[in-house]
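The structure appears right after this line, and notes come after that.
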Amino acid sequence: MGRISLEDLNRIREEARRRRELASNGKKAGITVHKGTCGIASGAEEVWRKLFELLKEKEEPEDAYRIMSTGCVGFCGMEPIITVDLPGGEPVRYRRVDPAKLGQILEKHVLGGEVQEDLVLDEETDPYFKGQKFVVLRNRGRIDPESIDDYIACDGYQGLYKALTRMEPEEIVEEILKSGIRGRGGAGFPTGMKWKFCMKAKGDTKFVLCNADEGDPGAYMDRSVLESDPHSVLEGMVIAAKAIGAGQGYIYCRAEYPIAVATLEKAIAAAREYGLLGDDIFGTGFSFNVDLYVGAGAFVCGEETALMASVEGRRGNPRPRPPFPANEGLWNKPTILNNVETLSNIPNILREGADWYHAIGHEKSRGTKVFALTGAVKNVGLVEVPMGTSLRDIVFNIGGGIPNKRKFKAVQMGGPSGGCLPEDQLDTPTDYEAITKAGAIMGSGGMIVMDDTTCMVDMARFFMEFCQEESCGKCTPCREGTKQILNILERITRGEGKPEDLDTLEELSRIIKDSALCGLGQTAPNPVLSTLRYFRHEYEAHINEKICPAHACVALVKFEVDTDKCTKCGLCYRACPVGAITWEKKQPAKIDKAVCVKCMSCIGACRFDAIS
Amino acid sequence: MSKELKITIDGCEMTAQEGRTILEVARENGVHIPTLCYHPRLRNAGSCRVCVVEVEGARALMPACATPVDRDGMVVNTRNERVLAARRMTVELLLASGNHDCPNCASNGHCELQDLAYELEIEHPRFPIQPPDLPFDNSNPMIVRDLNKCVLCGRCVRGCQEVQVNQVIQFGFRGPHTKIVTGGDTDYADSPCVFCGECVQLCPVGAISEKQRMPYGKAFEEKIVRSVCTYCGTGCVVDFHIINGRIVRVTGNEDAEVNRGSLCVKGRFGYDFIHHPDRLTMPLIREGDSFREASWDEALSLVAERLGRIKEEDGPEALAGFSSARCTNEENYLFMKFMRGTLGTQNVDHCARL
Ligand SMILES: Cc1cc2nc3c(=O)[nH]c(=O)nc-3n(C[C@H](O)[C@H](O)[C@H](O)COP(=O)(O)O)c2cc1C
Ligand code: SF4
Ligand code: SF4
Ligand code: SF4
């Protein structure tokens, strides 16, 4: 099919909507398997294969069903998830499905019409979904990411149509400014402002870049958007291109996201085929193309100037700013770079209006934010909340609190260079300014919850190791300074810390933040500074008393059983892989240090903190 | 014409052309800001962070070398406590990152890291010294490389890429493993290096140095004599570095219009003949199968007499002269005059026409 018009767009929308209907198409049921990376990692492929096997066994023709695979629905801890739709009924989600449970669901619900309550994941009542608001993830689990028609059926490309046919670039920029949206890639820079600078920059050749390099450990918001709703990002890019006057865009996607890369490739091809990318879009005379660039696995390439160097085919090193990319970016041409989540918000803003968007959120942080909630929390998954939702709501209500009867210790936000906030900061709202003031950063949305088994010094060491390994090595404070911080943290966790180390850590951290070239170095000391601010006593315990209060630093664990705390349960005895523990019923356990290999299994097993 | 702006550096008002860097403006006005990765012949990397200054209104410190003066009323502080603490920390970190045992270093006395340590009064870094322990590259007769002294300023990389456009030297690896690599991380001899020695001249420390100087004295003993390279007619200006009457290295003169510091492999490294024991220092006259030493007078008289005889017996057209590209323009001109005017022949040519 050639270039499409508004009539075509609306026709495709209606047709696609009709195709999705069950009864009028003679479908007995709709069955959707959610095959995001999280689903696949938990066995969604197996469920998918089994579905076809079972249908065959039962001699049910495949085409009597609307069978779909989509991206993640957001509750990753409950994967594999499937959705069953019966004509005239509401869709029903099932959680933690395996081939056996699939058999049950197929037999009893799909064929028998009886909802299997014991397996249901009820989005209406499950506290995980309460308090969430889906804007970026609005199509999650709803559309086939490989079908552009599905996206159009859900009002896709309507925002673009409006932008191209009814708005001048200034009006688009004004709308984005008015919505109050800020960049979701970490720094929270007002998107409208960035576009305005670039719109005003002189030059015939301009570029729109999409940052899909998502490198923060534990973060996968962007991956999920790309895997489940790639067209929302493309639509956002074309709107941005119209606003600044760009003719070419690139998506820089990390190679570690093969499904996202494949999905994007198909989405780009489909949009080109419909003329939604390419020359003369909607017959308006406006042309814009997008190509995909796959990164080579460097965290620092998420930094804007490094990303541009990488697209240009050079070593992905950051460079000093000014000049800012809005004036001199890719190949020295005016360029904007936006994050995946930022761009995927744009069509919604244009379609629903800036006021609608601005009504969501809090103070200077408008709209929603997607977080990847992981770590010591009962409900692990992608969470989209209106900005301003408190950390406590996210961790304890949506996240369900801390499992295994452990105590909450800290929530780490903002990726490897973010900060850790303790219990008494949990009422901080998720807004850029408040989070920064509390000592962390909003970052791109990584949120790692830690319980009392995490040693904060060791945690700072872990993130510092990441930052120093991922430093591009260009500037001295970051390359050499992070190495020295890591040295000191390693010494402290080995029990070789000195009292003056804390001053050195503070001074080094302050100076690295003040003098490193790019955002990586300027934020790398955050984990150290925030743990020194809130958990200084843990550092002091390591240095002065040579104790690790969380019993996590192996060099400081004595592997002794406190007979007062020991409840004589024998859990440690069963956990020890080398038989170093002797235990008999009603007797406290005893560790033979000559046999012990310090694997820490017993510490993990003991529920009563009896081993230190 | 770009705009003239008024800015304040360290409390003194000065005028600056819009777009000039803070470093340029400061230096033109006699304000000293130390640098390391900066070199006037190279693009600014802004990477070593030694030249950081405080620009009022900016969140973090800014590199003076890479920050343009872009607004009227800019206020810059180049040496307050915040700036000096950062600068000192950076230099301490660099000193701790390598094997900087100055007494044993060829660059002792003309080393920019040593100058920085002195200027910032750093006797000993507070961090443990951990050189990367990389092997010495002794693979060739011209350049020795000891990356245990490298400060990763990238001047060699930029020199090789921007000035020589050879792309032999690159940054390799990343983070704490970052190092300078030649070719695909091999030694100089195995890389596509053409041994122009641009990197040797640009290296601010003792990481890349001149092999032939090795046993002969320290940099601070050098006397510099400016001259013109004799290898070809381009006329590159060279600086001979001389210790005890001996040339210990040759560098391109950075101010010379002709070559702006660059040299080729011959001009930079081809001086070993000067002090070579086999070098001819007296004219030799052939007698039978052997040569005997003679005085210049005797040798020149012999040549004059033989040339005169050929001209007399067979006419001037029996003579031809061929001059060398190693002579200067003036010498070649004289030679042409001599052949045409004195010997009377048009048979004169030059090797560069081959
Ligand atoms: C070391 C480093 C890594 C970064 N990685 C990412 C990334 O993976 N994805 C991203 O969108 N932004 C990343 N950023 C932020 C980008 O530089 C840039 O600010 C952002 O993509 C701009 O888009 P936004 O305004 O829409 O947020 C990173 C920044 C730094 C300093
Ligand atoms: S701060 Fe780190 S990552 Fe950024 S330029 Fe400097 S060395 Fe590279
Ligand atoms: S490179 Fe400079 S600082 Fe290092 S040893 Fe040589 S003279 Fe000393
Ligand atoms: S070898 Fe010399 S010029 Fe090259 S990066 Fe190292 S210190 Fe700089």
Side-chain angles (χ1 to χ4, degrees), chain A residues 187 296-301 305-306 314-324 327-328 464-488 491 500-501 503-504 507-524, chain B residues 19 21 36-37 43-54 58-70 82-98 125-128 130 132 151-154 157 161 167 170-180:
Chain A
F299 174 67
V300 72
C301 284
T305 57
R314 294 183 291 119
R315 179 180 163 95
N317 274 2
R319 61 152 175 84
R321 295 170 301 182
F324 288 95
N327 294 312
E328 277 180 52
M464 194 46 69
E465 186 172 3
F466 179 89
C467 286
Q468 77 128 24
E469 286 292 330
E470 293 297 331
S471 154
C472 80
K474 178 170 174 172
C475 76
T476 315
C478 173
R479 182 186 70 239
E480 304 299 336
T482 55
K483 189 158 84 188
Q484 296 301 344
I485 291 189
L486 182 63
N487 269 345
I488 297 173
R491 269 202 292 103
E500 63 270 25
D501 283 343
D503 286 343
T504 312
E507 190 185 349
L508 245 176
S509 300
R510 193 172 41 74
I511 291 180
I512 296 171
K513 273 177 86 87
D514 206 15
S515 59
L517 193 160
C518 83
L520 195 158
Q522 288 167 359
T523 55
Chain B
T21 65
L36 183 62
C37 71
R43 290 199 195 125
N44 297 324
S47 66
C48 72
R49 314 310 274 183
V50 166
C51 72
V52 287
V53 294
E54 181 182 84
R59 194 171 40 88
L61 298 174
M62 303 294 281
C65 71
T67 307
V69 171
D70 58 4
R82 176 180 172 203
V83 169
L84 287 177
R87 217 173 261 164
R88 259 190 221 115
M89 180 66 84
T90 294
V91 175
E92 273 187 67
L93 287 168
L94 287 174
L95 286 168
S97 74
R126 76 190 92 167
F127 306 106
Q130 292 169 319
V151 292
L152 292 166
C153 66
V157 177
Q161 301 198 348
Q167 325 275 335
Q170 309 270 357
F171 282 105
F173 310 92
R174 65 172 182 252
H177 317 289
T178 309
K179 68 168 186 168
I180 294 300

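Computation of the quantities below employed the complete heavy-atom set of this structure, encompassing side-chain atoms and omitting hydrogens, waters and symmetry-equivalent molecules. Proteins get letters first, then strands, A, B, ... in listed order; numbering begins at 1 in each. Owing to the predicted nature of the structure, the values given are computational and were not obtained by experimental measurement.
With a 4.5 angstrom heavy-atom cutoff, Lys474(A) touches chain B via backbone and side-chain atoms both. Using a 4.5 Å cut-off between heavy atoms, Leu508(A) touches chain B through backbone and side chain atoms alike. For Gln484(A), the part lying under 4.5 angstrom from a heavy atom of chain B is the side chain only. Looking at Thr178(B), the atoms closer than 4.5 Å to chain A (heavy atoms on both sides) all sit in the side chain, from C-beta outward. Heavy-atom distances place no part of Val91(B) under 4.5 Å from chain A, backbone and side chain included. Residue contact with chain B, scored on non-hydrogen atoms closer than 4.5 Å, involves the side chain of Arg315(A) exclusively. For Arg321(A), the part sitting under 4.5 Å from any heavy atom of chain B is the backbone (N, CA, C, O) and nothing else. Heavy-atom distances place no part of Thr482(A) under 4.5 Å from chain B, backbone and side chain included.
Residues passing the salt bridge (Lys or Arg N to Asp or Glu O under 4.0 Å) test with Arg59(B), sequence neighbours excluded: none. For Thr476(A), the side chain to side chain contact (heavy atoms under 4.5 Å, CB included) partners are Arg479(A), Glu480(A), Cys48(B), Thr90(B), Leu93(B), Leu94(B), not counting sequence neighbours.
Interface check for chain B: of the options Ala516(A), Ser515(A), Gly481(A), the most heavy-atom pairs under 4.5 Å are formed by Ser515(A).
Taking 4.5 Å as the limit, every side-chain heavy atom of Ser471(A) sits out of range of all side-chain heavy atoms of Arg174(B).
Here CG of Leu152(B) is found 11.0 Å from SG of Cys37(B). Values are rounded to the nearest 0.5 Å. If you take SG on Cys301(A) and CG on Asn317(A), they are separated by 8.5 Å, rounding to the nearest 0.5 Å.
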